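Both ligands and their constituent atoms are indexed starting at 1 by order of listing. Note that the coordinates shown come from a computational prediction; the quantities given were computed from them, not determined experimentally.
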Amino acid sequence: MTTALGIDFGTSGARAIAIDPEGKILATARRPLHQPDQPQEWAATLRALILDIPSAIRQQIQRIAIDATSSTVFLCNAQGQPCSPVLLYNDDRAQDHVQTLRQILTTEHLVLSATSSLVKLLWLQTHYPRGNAVLVHQADWLAFLLHGQLGISDWHNALKLGYDPAKEAYPDWFRHPTLTPLQPLLPKVVPPGTVLGKVTATDLGLSPNCEVCAGTTDSIAAFLASGASEVGEAVTSLGSTLVLKLLSASRVEDLRAGIYSHRLGDRWLVGGASNCGAAILAQFFTPEELERLSAEMDVSQPTGLDYYPLLKRGERFPINDPHLEPRLEPRPADPRRFLQGLLESLSRIEAQGYAQLQRLGASPLKRVWTAGGGAHNPAWLALRQQHLGVPVAISPYTEAAYGTARLAQGQLNSGTTAPEFPASAD
Ligand code: ADP
C-alpha cells in the first residue's frame, strides 16, 4: 500500500485528497470550476490543486489517479492540444448520430444515447475532421498532462464509447464500414488504477518516482470511497435522486430501465437510479423541519401511507413506466406523519430497487452503505434498515477524490477488505 493522491473533477468544482497507506486523510484541496468545458481551466485547476497539497506531503505521494465526469469528451492533436470543443457529459447535440448507430447495432446498447461518448465521437469526427487526432475523455486528458501519454483510457470511462470490459476489447461491430474511420481515434483501454508511468510534469514538486494511474468516472469513484469491496455490498446515494449500486459477481443489464454494470476487478458494479429521492423532501420541509420532525418520529409505528414521491411524471427504476404519476395522497394534517410516510415510501422504493437488481441476476444484497444529503437522518436510516432487511450504515468516506486515491493504491486489484461495519447496524 502506498501514499496516494486522488483528484476528482466534478461539474462545478475539483477536489484533491491525499491519503496514507491506511487510508487516513493527509491533506485536501478544493477549487471551483467556472467554465466546465474549458480544458485550459482544467489544466490550471489541476496544477493548483496539486500545489495546494503541502509540499512535505506532496513529495511523499507515490501514486496519483484522476476521476472526472463520464462522457465528457473532445478531440486533441498529437501534441495533446484540444482541436474541437468539449462535449460535456450532458451535451446532446450529437442526437442525430444515434440513428446512424441504430442501423449498425441490432439490440439495445449503452452507446445508443444522445450523450454517449461514441455518439459524440461520430459528431466530432463529422464536424472537426482532423488528421492524427485522438479522442480523449476528461480524465484521460488530465492524466496525460501528468504522464505525457495520449490515447489511453480506462474501462469505466470507455464503457459509453462501446468498449466491452468483459472481452477487454472493442466489439466486432466497430469493423462496420461506417465506424472504421473512427478506429484511429479510439483510445487503448486499460483497467482503472493501472500504473501508466512516472509523472513527467517536473514543476509540481512531486517525487520523480511518483506514478500516474489510469482513472475512473466520478460516480464509480464515489462508490469506491465507501470502501465496499465484497460481493453483495452496496452503496445507496440519498441525494436529489435515489441511486443504487450493488457489487455483484455477475454482470446485469436492463438498458431500457437504465440498469447497467461497470467492471470492477473481476466483479461488476450494477447500478440503477430512481427519479424519486430526497429532492421531494425539500419541496415540503425546510432543513430544520427535516431534522426536528425526523427526531420526533416513532419509526416502530408504520403510518400505512403508500406514496410514490416523484417530482414529476415518469419513472425508470425500479418501475420502468414513463407515464407513472407522482402519488402523494392522502396527505395527513400532521407534518411529522407526512414526512414519515415519505421516508417509508422512499425506503420501500429503495428495497424494491435492490430486489429488482437481484431479480435480474445480481448477487444477493448483504449490506448497504449510505451516501448523499439524506444519509445522516437517523430515522430514515432506521426505516431503511426495516425495509431492506440487511445492515445499513453511513459510509465513512463519500468524496469521489477519496475513492480515486484508494483506486491509485490498488484497492481494485488487491481486493482490500471493507471497513468494519458498525456493530449497531447489525
Ligand atoms: P445532490 O448532490 O443529488 O443534489 P445531496 O447529496 O447534496 O444531493 O443531497 C441533497 C438532498 O438531501 C436534498 O434533496 C435534501 O432534501 C436532502 N436532505 C438534507 N438534509 C436532510 C435530512 N436531514 N433528512 C433527509 N434528507 C435531507
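- For ligand 1, the atoms lying closer than 4.0 Å to a non-hydrogen atom of G372 are 6 (O).
- In summary, R30 and E399 engage in a salt bridge, as defined by a charged side-chain N under 4.0 Å from a carboxylate O.
- Atoms of ligand 1 found under 4.0 Å from any heavy atom of N377 (numbered from 1 in listed order, with element): 22 (C), 24 (N), 25 (C).
- Distances between N or O atoms of G239 and those of ligand 1 include no value under 3.5 Å.
- If you number the atoms of ligand 1 from 1 as listed, the ones under 4.0 Å from a heavy atom of L281 come out as 25 (C), 26 (N).
- Screening L159, V270, L269 for a side chain to side chain contact (heavy atoms under 4.5 Å, CB included) with S261, the sole residue that qualifies is V270.
- Test E325, E315, R348 against Y308 for side chain to side chain donor-acceptor pair (under 3.5 Å) and you get one pass: E315.
- The side-chain heavy atoms of L88 and V86, taken from C-beta on, include a pair separated by under 4.5 Å.
- You'll find the side chain of F317 stays beyond 4.5 Å of the side chain of D254, heavy atoms only.
- Interface of A279 with ligand 1, defined as ligand atoms under 4.0 Å from a residue heavy atom, comprises 14 (O).
- Contact annotation: S294 has no heavy atom less than 4.0 Å from any atom of ligand 1.
- Taking every non-hydrogen atom of L290 and a distance limit under 4.0 Å, the qualifying atoms of ligand 1 come out as 21 (C), 22 (C), 26 (N), 27 (C).
- Using modelled atom types and a 3.5 Å distance limit, the side chains of H156 and T217 yield no donor-acceptor pair.
- Ligand 1 has no N or O atom lying under 3.5 Å from any N or O atom of W380, backbone or side chain.
- For ligand 1, none of its N or O atoms has an N or O atom of E291 under 3.5 Å away.
- The presence of a protein heavy atom under 4.0 Å from atom 2 (O) of ligand 1 is ruled out.
- Residue, atom and distance of the protein heavy atom nearest to atom 18 (N) of ligand 1 are G373 O, 3.6 Å.
- For the pair A278 and ligand 1, the shortest N or O to N or O distance falls below 3.5 Å.
- Put simply, the side chain of S71 never gets that close to the backbone of S116: no donor and acceptor are under 3.5 Å apart.
- Shortest contact from atom 4 (O) of ligand 1 to any protein heavy atom: S240 OG, 2.8 Å.
- Distance alone, capped at 3.5 Å, places no donor-acceptor pair between the Q125 side chain and the L121 backbone.
- With Y163 contributing its side chain and E168 its backbone, the two residues share a donor-acceptor pair below 3.5 Å.
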